[in-house]
Amino acid sequence: DGRRQEVGGYGGGGGGGSSYGGNFDLYDTRKNGKGVVGAAYRDRGAIAREAALTFIPGGVFVRALRIGAKAYRLARAANAASKVRYGRRLKALNGGKNRVSIKRRARQYHYDVAGDAHFEKSTQRYIHTPHKYHIRFNGKGQPNFRSPTTPMGWFDLARVRIHLHYRR
C-alpha cells in the first residue's frame with residue numbers, strides 16, 4: 001500500500017542521520033506485504049546483515065557467515081582444549097589433586113581443574129572440567145547456599161594459579 005512507517009532511532013543529541021547520536025529515521029515501505037527492512041530495526045547488526053543480504057548478489061554474505069560460524073566453533077574448541085591442558089598443569093602444581101579450594105570472607109570457592117565432567121542438576125547438563133562453584137556461609141559458619149557449577153574462564157584459572165603460587 002506504499003505507506004511509510006517511521007521508526008525511532010537511538011537517543012542522544014545531534015542531528016539527523018547519524019547512527020552514533022541523534023535520531024535517525026528508518027522507513028518500512030511495506031511493499032507486497034513484506035517490509036524492506038522488516039523487524040531488523042531493533043538491532044543495528046541485523047540492519048547491516050539485512051542490507052548486506054539485499055545488496056550483495058549471489059548470497060556471498062551468507063557464505064561468509066557460514067565460514068565465520070565454522071571458524072568461531074573451531075576457536076571455541078581450541079580455547080576449551082587449551083583450558084583443559086592448563087588445568088592439568090595446575091593439578092601438577094597442586095600436588096596431583098583435582099580440586100583447589102579458596103576460602104574468602106563468607107564464601108568458599110571450589111575449583112575443579114582436572115578430572116571428569118560433573119552433571120549439574122539445576123541445568124540438566126554435564127559441565128566439563130575445569131569448572132567452579134562456591135558455597136556461601138551464614139554468620140554462624142553454616143553453609144546456606146551452593147551455586148550451580150559453571151565452566152571456568154581464564155580469569156578463574158589465573159586466580160587458581162596465583163593462589164597455588166603464594167600458598168607454597
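Since the model is a prediction, treat every value here as computed from it, not as a measurement.
- Ring geometry for His118 versus His131: interplanar angle over 60°, hence perpendicular rather than tilted (30 to 60°).
- Side-chain contact between Tyr109 and Lys132 is absent, with no heavy-atom pair separated by less than 4.5 Å.
- Heavy atoms from other residues, nucleotides or ligands lying under 6.0 Å from NZ of Lys121 number 12 at most.
- Scanning all heavy atoms of the two residues, the minimum distance from Leu164 to Asn94 falls at CD2-OD1, 3.6 Å.
- Looking at Thr129, its side chain does come within 3.5 Å of a backbone N or O of Gly115 through a donor-acceptor pair.
- The distance from the NE2 atom of His163 to the CG atom of Leu90 is 11.0 Å, given to the nearest 0.5 Å.
- When all heavy atoms are compared, the tightest approach of Pro143 to Phe137 is N-CD2, 3.5 Å.
- Residues Gly87 and Ala114 share a closest heavy-atom pair of O-CB, 4.3 Å.
- When atom types are taken as modelled, the side chain of Lys83 and the backbone of Pro130 share no donor-acceptor pair closer than 3.5 angstrom.
- Phe119 CZ: more than 12 foreign heavy atoms inside a 6.0 Å radius.
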For this session: Apply side-chain contact (heavy atoms from CB on, under 4.5 Å) to Met152 and Val160, showing your working.
Result: CA-CA 10 Å; Met152 288 173 66; Val160 170; 4.0 Å; yes
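- Residue Phe145 places its CZ atom among more than 12 non-hydrogen atoms of other residues, nucleotides or ligands, all under 6.0 Å distant.
- Residues Arg159 and Tyr111 bring a donor and an acceptor atom of their side chains to less than 3.5 Å of each other.
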Exercise. So Glu120 and Arg125, side-chain contact (heavy atoms from CB on, under 4.5 Å) or not? Walk me through it.
Worked result: CA-CA 6 Å; Glu120 177 59 39; Arg125 291 184 174 191; 5.7 Å; no
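- To the nearest 0.5 Å, atom OG1 of residue Thr149 and atom CG of residue Asp112 are 8.0 Å apart.
- Below 30°, between 30° and 60°, or above 60°: for Tyr86 and Trp154 the angle between ring planes is above 60°, a perpendicular geometry.
- The NE2 atom of His134 sits 12.5 Å away from atom CZ of Arg104, with the distance rounded to the nearest 0.5 Å.
- With sequence neighbours excluded, the residues forming a side chain to side chain contact (heavy atoms under 4.5 Å, CB included) with His110 are Arg99, Ser101, Gln108, Tyr133, Ile135, listed by chain and number.
- The local environment of CG in Asn138 is crowded, with over 12 non-hydrogen atoms from other residues, nucleotides or ligands closer than 6.0 Å.
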